[in-house]
Amino acid sequence: MSDPSRTLSKHARDLLDPASDPGPAVAELDTIVGLSKRRGFIYPSSEIYGGINAVWDYGPLGVELKNNVKRAWWRSMVQERDDIVGLDSGILMAPQIWVTSGHVAEFSDPLVECRSCRRRYRLDELPGAEDLSQTDLHDPGVVARLGLRCPADDGELSAPRRFNLMFKTFMGPVEEQAAEIYLRPETAQGIYVNFRNVKETSRKKVPFGIAQVGKAFRNEISPGNFVFRMREFEQMEMQYFVHPERAAEHFADWLPRRRAWYEAYGVAPARLRTREHAPDELAHYAKKAVDVEYRFPFGWKELEGVHNRGDWDLSRHMEASGESLEYFDPATEEHFVPWVVETSAGADRAAFTFLLDAYREEEVRGEKRVVLGLHPELAPYKVAVLPLLKKRPEIVEMCHRIKGDLQRDVMAVYDDTAAIGKLYRRQDEIGTPWCVTVDVDSLDDGAVTIRDRDAMTQERVSADRVREVIADRMRAARQ
RNA sequence: GCGGGAGUAGCUCAGUCGGUAGAGCGUCAGCCUUCCAAGCUGAAUGUCGCGGGUUCGAGACCCGUCUCCCGCUCCA
């Protein structure tokens, strides 16, 4: 306790060195929380009933953004690859799966509570208990046996109590223990238990991957930081099945690939880094784990984990189910249980990150201009069609015609409830990359202007070419 | 869960000594307006987080409770 660096959290130590800290894209988290609510990206859940902790709802713009994030992930992980296929497994699964996977036993923190000051500690973080085995950590007599006391006031400590992070509910009409079932805490198990099905129906050969996007639920002890840690959240996971001897090299391939994905969609490279887990922080299933981290306003935090899970999951499921999950390689005539390299990302965290990193404030003519510089692929609306004058019915009509045409390809919106400058600012703030403006001249020459969100420059194009120009620009942004 | 802070209009907040609720922004409507948050006029919106108590009277004082934020913790 006397060494000051020991009392600092890992988070605080990370930020000590200004040279390695690029700073957050947005200083105050509230800036984004406020924008999200004001413009309809993200709202607190159940707000009219006072809210519910750690659940957030996506509004009209938020659902577009998040869908776009998931689509971009799917494009890069499934659509553009020959060796990865998709899956959508159930949230509810046979309860035995979670026993086999280790989540019933391990996905919990052994907590002890001080009887006098009521502080709670994770048992394995108490001085004198750091090196305990899993058996010891769950031994009711361990506190007395080691003579552990409360570090704060030397009070008596309770026996370790397991706090499992999985949500439970009941399946069927009877609420009894036999009917207990879990909400999945990760999507990965749905992939493992379908491994044989997918292998046989897709006729993929190792190495190949299975990707899945879906909800997961964790009863976190302390959620928070907006959508960063929620109790209900969405994962984008891919399990890559490889020959055991090639696992390390596939791991080395996936890590930079996943980091590059965030950069491709606009996250500043300086605010991304990778960090390898020390042996003592590895999850129960992991042989090796490296995080892609982002510099959030509240510190460097995990965006995505790349894990070498070995054959842990498949082997355990083989053993518990009695079914073979081996792979036969006809070329070498070898039978083996594939190892898994997992990339596990959070859709909410990714959307949050893109939102944060896109935010900027500029000064234009002495006025503050708020811009979400979202990648066009991620932007909720791709185009806004705006009339310079709304009292001319021909102009309004032309706007609607152009918008209707664009809508067949992309999300487009019409707005005439303010002067043009303000309409532009509104679209800037929600990240719309292009605005099409119809003016009086358009009625004569059939041309309109396309205004660019970032440069604020305008280009005049024929109205019947707008759809094509936008499609070209979308394609160019994708690269 | 513990420690600290905060809940008043969609948002940011004011509300004095306890006397019956306000401003700016935003939103909507009308007028005006030919390219980067113009102007004028008008309008809507509050169980003052929720429940109880004290009081003639509570947004304010007391108790309880819920939620949010910061820290501990965590890891998608």
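Chain naming here is simple, since letters A, B, ... match the order of the sequence lines and numbering starts at 1 in each. Atom set for the values below is all heavy atoms of this structure, side chains included, hydrogens, waters and symmetry mates excluded.
Within the 3.5 Å criterion, the main-chain N or O of A:V292 finds no donor-acceptor partner in the side chain of A:E304. At least one donor-acceptor pair under 3.5 Å links the side chain of A:R460 to the backbone N or O of A:A447. Side chain of A:D428 to main chain of A:V371: no donor-acceptor pair is present (N/O by atom type, distance under 3.5 Å, no hydrogens or angles).
Pairs of Watson-Crick or G-U wobble type, with distances under 3.5 Å, assemble into runs of 3 or more in RNA chain B at these ranges: B:1-7 with B:66-72, B:10-13 with B:22-25, B:27-31 with B:39-43, B:49-53 with B:61-65.
Ring centroids of A:Y262 and A:Y294 are separated by 6.0 Å or more, keeping the two rings apart. No close placement of the A:F233 and A:F217 rings is indicated, their centers lying 6.0 Å or farther apart.
In terms of phosphate contacts, A:K37 brings a side-chain nitrogen or oxygen within less than 4.0 Å of OP1 or OP2 of B:rC11. Distances shown here put a side-chain N or O of A:K422 below 4.0 Å from the OP1 or OP2 atom of B:rG26. Neither OP1 nor OP2 of B:rA37 sits under 4.0 Å from any side-chain N or O of A:R369.
Looking at heavy atoms from C-beta onward, A:M411 lies out of side-chain contact with A:P380 at the 4.5 angstrom threshold.
Judged by distance alone, with hydrogens and angles left aside, A:R425 brings a side-chain donor or acceptor within reach of the base of B:rC36, the pair sitting under 3.5 Å.
Taking the charged nitrogens against the carboxylate oxygens, A:R360 and A:D454 do have a contact shorter than 4.0 Å, which makes a salt bridge. Ion pairing between A:E276 and A:K288 holds under the 4.0 Å rule for side-chain N and carboxylate O.
Checking A:T417 against A:D415 by side-chain atom types alone, a donor-acceptor pair falls below 3.5 Å. A donor-acceptor contact closer than 3.5 angstrom is absent between the side chains of A:Y192 and A:S101. Judged by distance alone, the side chains of A:E237 and A:Q212 never bring a donor and an acceptor atom under 3.5 Å apart.
Contacts between residues 450-461 of chain A and RNA chain B, defined by a heavy-atom separation under 4.0 Å, are made by A:R451, A:M456, A:Q458.
When heavy atoms are screened at a 4.0 angstrom cut-off, A:L423 is found touching no nucleic acid atom at all. Contact annotation for A:Y285: backbone-only contact, meaning every heavy-atom pair under 4.0 Å involves sugar-phosphate atoms and none involves a base. No contact: A:L386 has no heavy atom under 4.0 Å from any strand. Here A:G34 lies out of heavy-atom contact (under 4.0 Å) with every strand. At a threshold of 4.0 angstrom between heavy atoms, the contacts of A:E302 include nucleobase atoms, whether or not backbone atoms are also involved. At the heavy-atom level, A:S344 lies under 4.0 Å from the strands shown only through sugar-phosphate atoms. Heavy atoms of A:M230 sit under 4.0 angstrom from at least one base atom. Within 4.0 Å (heavy atoms only), A:R349 reaches at least one base atom of the nucleic acid.
For the pair A:F233 and B:rA76, the ring geometry qualifies as stacking, because the centroid separation is below 5.5 Å while the planes lie within an angle under 30°.
With distances taken from any side-chain atom of A:R218 to the nucleotides B:rU34, B:rA38, B:rA76, the minimum falls on B:rA76.
The P atoms of B:rA14 and B:rA9 are separated by 12 Å, rounded to the nearest whole Å. Separation of the P atoms belonging to B:rG18 and B:rU12 is 28 Å when rounded to the nearest angstrom. Spacing of C1' atoms, B:rG59 relative to B:rC50, comes out at 14 Å, to the nearest Å. B:rA58 and B:rC48 have their C1' atoms separated by 11 Å, given to the nearest Å. B:rG39 sits 45 Å from B:rC66 when the C1' atoms are compared, rounded to a whole Å. With both ends at atom C1', the span from B:rU16 to B:rG1 equals 39 Å, rounded to whole Å. Using C1' as the reference atom, B:rC61 and B:rU54 are 8 Å apart when rounded to the nearest Å. Taking the C1' atoms as reference points, B:rC28 lies 43 Å from B:rC63, given to the whole Å.
Each of A:F226 and A:E234 was matched to the nucleotide of RNA chain B holding its nearest heavy atom; the match closer to the 5' end belongs to A:F226. If A:T417 and A:V438 are placed on RNA chain B by their nearest nucleotide, the residue sitting closer to the 5' end is A:T417.
B:rU67 atom P lies 17 Å from atom CG of A:N225, rounded to whole Å. Residue A:L388 contributes atom CG, which lies 16 Å from atom P of B:rC32 at whole-angstrom precision.
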